[in-house]
Amino acid sequence: MVLANQTATSMLVSELWSQVRALADQREVDLDLRLLGKPGDISSDAREILSRSMNAVLQSAFSAGELHHLALELTFQADALSARIEHDGTIDPVGRSATEQEIFSHYTDIGAMGGSLSLSSGRGFGLRVELTLPFASNEAASNTLDRYQEPPRGRPTPAVAVMPALHERLTPQEEVALSLLSAGLSNKEIAAHMNLGVGTVKFHLAQIYQKLGVQGRGRGAAVARARELGLLFD
């Protein structure tokens with residue numbers, strides 16, 4: 001596949017497209033490829049993250065057992081590139097943990113860019129990674145991480161502090177993990193309850209801490225902050 005506008009980003013997309021197709025042919029599995037929208041360009045750092053994340057998933061698919069399905073979807077939106085790659089192969093615990101760690105290692109950089117990262121993995125359903133990377137680096141994003149919005153002057157201060165400007169609301173899985181966290185369950189117990197790997201639970205908790213603005217302060221701070229924001233009730 002060759003894209004009309006051969007920017008560095010579109011060349012990377014072409015390479016990923018070819019790698020996914022080649023792997024699907026090699027493993028003789030069903031393949032779902034989708035390319036949507038008008039190509040735009042992302043930064044070199046974002047391209048590196050996209051390449052390494054996608055290759056980590058492809059490597060896990062290459063070594064997976066019982067692989068039947070492989071999918072890649074790349075969507076060029078108005079101001080960002082969204083990528084989704086997934087497979088349904090059976091991954092051994094060591095391989096799954098290594099892949100999760102590789103993906104999660106980019107989380108801070110993705111957040112600083114103003115992008116987003118979602119990872120789902122576990123027994124019986126393989127691995128799915130979703131990335132959103134903006135076309136242009138957002139310096140304001142890196143300057144506002146771990147800060148709270150100040151209310152406009154002249155207006156009453158709200159009773160509940162405002163969430164960080166760039167942090168999204170909790171996902172349904174994060175809400176469940178937060179509830180179990182507040183009940184005092186360990187990471188292993190949360191993983192068993194949600195039928196997820198421990199590495200995936202750690203990823204969800206890290207996202208919760210980031211969104212609540214308590215990264216590095218631990219479980220107790222996250223629960224207290226969630227109660228302040230009305231996300232948890234005694």
Side-chain angles (χ1 to χ4, degrees), residues 1-26 31-62 69-87 98-121 126-147 149 163-169 171 174 203-204 206-207 210-211 215:
M1 184 194 69
V2 178
L3 298 177
N5 180 18
Q6 281 296 305
T7 64
T9 298
S10 63
M11 291 176 67
L12 174 58
V13 167
S14 297
E15 180 181 349
L16 291 172
W17 188 282
S18 298
Q19 289 174 346
V20 171
R21 181 177 290 280
L23 178 58
D25 290 342
Q26 183 176 356
L31 176 63
D32 183 8
L33 284 174
R34 300 183 186 183
L35 179 62
L36 306 171
K38 182 178 179 180
D41 208 13
I42 57 179
S43 69
S44 59
D45 288 342
R47 289 195 300 273
E48 177 69 14
I49 289 171
L50 177 63
S51 177
R52 291 183 62 178
S53 300
M54 298 293 104
N55 284 324
V57 178
L58 288 175
Q59 184 62 38
S60 74
F62 177 80
H69 177 75
L70 181 63
L72 173 67
E73 180 176 291
L74 298 159
T75 304
F76 289 93
Q77 303 173 1
D79 56 0
L81 168 62
S82 292
R84 174 181 62 85
I85 186 168
E86 64 183 40
H87 67 79
T99 303
E100 290 172 352
Q101 289 178 16
E102 167 62 28
I103 302 298
F104 181 65
S105 70
H106 306 299
Y107 174 68
T108 300
D109 291 334
I110 292 171
M113 292 176 184
S116 64
L117 167 64
S118 173
L119 181 151
S120 300
S121 72
L127 179 67
R128 174 188 295 170
V129 171
E130 296 176 83
L131 285 170
T132 300
L133 299 165
F135 288 153
S137 61
N138 189 344
E139 294 182 4
S142 61
N143 291 333
T144 54
L145 286 176
D146 299 321
R147 298 181 183 177
Q149 288 179 317
M163 289 286 285
L166 298 175
H167 296 161
E168 301 173 339
R169 68 182 299 276
T171 66
E174 289 166 0
F203 170 78
H204 285 315
Q207 286 198 309
Q210 179 76 8
K211 292 177 180 181
Q215 195 170 33

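Keep in mind the model is a prediction, meaning the values are calculated, not measured.
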side-chain contact (heavy atoms from CB on, under 4.5 Å), that's the test. Do Arg84 and Leu72 meet it? Break it down for me. CA-CA 6 Å; Arg84 174 181 62 85; Leu72 173 67; over 6 Å; no
Checking Glu73 against Leu35 for the side-chain contact (heavy atoms from CB on, under 4.5 Å) test, could you report, in this order, the C-alpha distance in whole Å, the side-chain angles of both residues, the deciding distance, and whether it holds? CA-CA 6 Å; Glu73 180 176 291; Leu35 179 62; over 6 Å; no
Start with the C-alpha distance between Leu119 and Phe104, add both sets of side-chain angles, then the distance that settles side-chain contact (heavy atoms from CB on, under 4.5 Å), and finish with yes or no. CA-CA 8 Å; Leu119 181 151; Phe104 181 65; 6.0 Å; no
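Closest approach of Leu81 and Phe135 over heavy atoms only: N-CE2, 3.7 Å. The two residues Thr132 and Ala80 come nearest to each other via the heavy atoms CG2-CB, 3.9 Å. Among all heavy-atom pairs drawn from Lys38 and Phe76, the shortest one is O-CB, 3.0 Å. Scanning both residues, Pro134 and Met113, for their nearest heavy atoms gives CG-O, 3.2 Å. Smallest separation of non-hydrogen atoms from Leu133 and Ile42: O-CG2, 3.7 Å. Counting all heavy atoms, side chain and backbone alike, Ala56 lies closest to Thr99 at O-CG2, 3.8 Å.
When side chains are defined from C-beta on, Met54 does not count as touching Arg52, because their heavy atoms never get closer than 4.5 Å. Between Leu58 and Val20 the shortest side-chain heavy-atom distance falls below 4.5 Å. Residues Arg21 and Leu33 have side chains in contact (heavy-atom distance under 4.5 Å, counting atoms from C-beta outward). Proximity of Leu127 to Glu86: side-chain heavy atoms (C-beta onward) are nowhere separated by under 4.5 Å.
Taking CD of Glu100 as the reference point, atom OG of Ser60 lies at 10.0 Å (rounded to 0.5 Å). To the nearest 0.5 Å, the span separating CG on Leu16 from CD1 on Ile85 amounts to 7.5 Å. The distance from atom CD of Gln59 to atom CD of Glu102, rounded to the nearest 0.5 Å, is 11.0 Å. Distance check: Thr9 OG1 to Asp41 CG gives 3.5 Å after rounding to the nearest 0.5 Å.
Proximity of a side-chain donor or acceptor of Ser10 to a complementary backbone N or O of Thr7 within less than 3.5 Å is detected. When atom types are taken as modelled, the side chain of Ser51 and the backbone of Arg47 share no donor-acceptor pair closer than 3.5 angstrom.
Between the side chains of Gln77 and Ser82, a donor-acceptor pair is found at a separation under 3.5 Å.
Residue Leu117 is tested with Leu131, Thr108, Ile49 for a side-chain contact (heavy atoms from CB on, under 4.5 Å); the sole match is Leu131.
Take Asp32 and apply the salt bridge (charged side-chain N to carboxylate O under 4.0 Å, His left out) test, not counting sequence neighbours, and it matches Arg34.
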